[in-house]
Each structure stands twice: as C-alpha cells, then as structure tokens.
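One structure is given here, and the rest of the page talks about it.
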Amino acid sequence: MYSTMIYDDYVFESGCSAYPLYFFWRCNTISDLMINEQIRDREVRVIGENGQQLGIMSAKEAMKLAQEAELDLVKIAPTAKPPVCKIIDYGKYRYELTRKEKEARKKQKVVELKEVRLSPNIDSNDLNTKINAARKFIAKGNKVKVTLRFRGREMAHMQSSKHILDDIVKELEEVAVVEKAPKVEGRAISMVLAEKNKK
C-alpha cells in the first residue's frame, strides 16, 4: 500500500514521482474496491460518467478513457462477466457510499434486551414501579426480560410465586406479548416480553 501526502498542488507518494494534482493517476485503493491500475482484467464492460454504456473493451482502453476525462476507473461489479467498471470521480463515489451507509444505519431499528428483576416478596408499590419501567422499555421498542429471583428458603416456593409473572403479563397485555414463556434458570424464573404488533 502506498502512503500519500498532499502539499499545495502536488501529491507525493513513496515509490512514485510528484505530479500536479490534476494529472495525478491514483495507484492505490482507499477501500476494497479496485481502481485504475489495480484493474487488470483482459476485458471489462464500461459505463461512462453519465451512465451511458460504452461497451466491452480492454482495461487499458477503459483507463485511457478515464484519464482523458480526468476521472477514475472503478470496478463496481467484480463478479460480473465481464466485470463492470465505471468512469467516475472516486472521491465523490466513496462519499456517496458512506452517506448511504449512514442513512441505512439510521433507519435500522436497534432492539435491546432490558431486564427487570423482582423478588417473590415484592410489595404492590414496588411491583407497579417495575411494571411501569417495563412498559417504558417496551414503548421504546425494546424487549424486556423479567426475572423473578429466589434466595434460600424461597426456592421451595418457586412455582407458587409464578403468579407474579402472570400478573405482569396481564398488566402489560395491551402493549406486550410473551416472546419466551417463563422458564426456570437456576435460582430464578425468567420470561421475555416483546412489543405487541400494532394493527
């Protein structure tokens, strides 16, 4: 990989001479895309800067066209037969790809798994507080793991305390559904609630 430094109107590369910036033909890649001299296929299908089909030609001929337009030759479909290359401004092309990736990430909904922990001896006020916390998590699109934890002698009453989880499900039935039914996990019983599909 070449190291590149830009000073005023000149680009200096280790192993390369200095050229005026507007004549400089880049010989390295910024990403995994192949550009310019990196493209050594015998034949490529070329698309012009305005999207016009320029036909199939050698990579050398395609690079000559790109040089004449003072643009880059970028291999955009390497697995096609023959590979597809486009004559474009590589810097602008990378910027557009990065911008589109950021937009796509913004639209993706990240679902987190939040946890609400309870004890079998929880009083009604604390239980309501926990239910409200679960409701807020679900309203934000997250999943909620409700864990009923047991200690010492409480272990003997695990099944009889399961009604606490049933009460939570009933309180949240308008906004949530049980994604994973209550299950014993060591010293606890856990279930997972998810947002109810809105019709």
Note to self: Pair Lys102, Arg99 - check side-chain contact (heavy atoms from CB on, under 4.5 Å), show working.
What the structure shows: CA-CA 5 Å; Lys102 284 181 180 178; Arg99 187 179 62 80; 5.8 Å; no
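- For the pair Lys130 (side chain) and Arg117 (backbone), a donor-acceptor distance under 3.5 Å is present.
- Val175 and Val146 fall within a single hydrophobic cluster, where Ile, Leu, Val, Met, Phe, Trp and Tyr side chains are chained together by heavy-atom contacts under 4.5 Å.
- Residue-environment remark: CZ (Arg149) stays at or below the threshold of 12 foreign heavy atoms within 6.0 Å.
- The two atoms that bring Phe150 and Met155 nearest to each other are CB-SD, 3.7 Å, heavy atoms only.
- Between the side chain of Asn142 and the main chain of Glu112, a donor-acceptor pair closer than 3.5 Å is present.
- Thr129 is linked by a side chain to side chain contact (heavy atoms under 4.5 Å, CB included) to nothing, counting only residues two or more places apart in sequence or in another chain.
- One hydrophobic cluster, built from ILVMFWY side chains closer than 4.5 Å, holds both Val169 and Val184.
- The shortest non-hydrogen separation linking Arg187 to Gly152 is NH1-N, 3.9 Å.
- Under the 3.5 Å distance criterion, the side-chain polar atoms of Gln38 are left unmatched by any main-chain donor or acceptor of Ile35.
- Remark: side-chain polar atoms of Asp126 are not paired, donor with acceptor, to backbone N or O of Ile122 under 3.5 angstrom.
- Here the closest non-hydrogen pair linking Leu148 and Pro120 is CD1-N, 3.8 Å.
- Annotation for Ser119 and Ile164: closest pair O-CD1, 4.2 Å, computed over non-hydrogen atoms.
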Next item on the list: Could you please spell out the steps behind the side chain to side chain donor-acceptor pair (under 3.5 Å) verdict for Glu61 and Ser58?
Entry: CA-CA 5 Å; Glu61 288 175 298; Ser58 68; 3.2 Å; yes
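- Under a 3.5 Å cut-off, the side chain of Asn36 and the backbone N or O of Asp72 do not form any donor-acceptor pair.
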Note to self: side-chain contact (heavy atoms from CB on, under 4.5 Å), that's the test. Do Phe137 and Val116 meet it? Break it down for me.
What the structure shows: CA-CA 10 Å; Phe137 291 143; Val116 173; 4.2 Å; yes
Next item on the list: I would like to know whether Leu127 and Asn125 meet side-chain contact (heavy atoms from CB on, under 4.5 Å); could you show each step before the answer?
Entry: CA-CA 5 Å; Leu127 181 59; Asn125 287 334; over 6 Å; no
Donor-acceptor contacts, no H, no angles, side chain residues 41-53, under 3.5 Å, sequence neighbours left out:
residue : atom : partner : partner atom : Å
Asp41   : OD1  : Lys75   : NZ           : 2.7
Gln52   : OE1  : Asn50   : N            : 3.1

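- Contact record, Ala134 with Leu172: CB-CD1, 4.0 Å, taken as the closest heavy-atom pair.
- Its side chain within the 4.5 Å cluster rule, Val192 clusters with Leu113 among the Ile, Leu, Val, Met, Phe, Trp and Tyr residues.
- Ion pair Glu174/Lys196 not flagged as a salt bridge, since none of the NZ, NE, NH1 or NH2 atoms sits closer than 4.0 Å to an Asp/Glu carboxylate oxygen.
- Under a 3.5 Å cut-off, the side chain of Glu96 and the backbone N or O of Tyr93 do not form any donor-acceptor pair.
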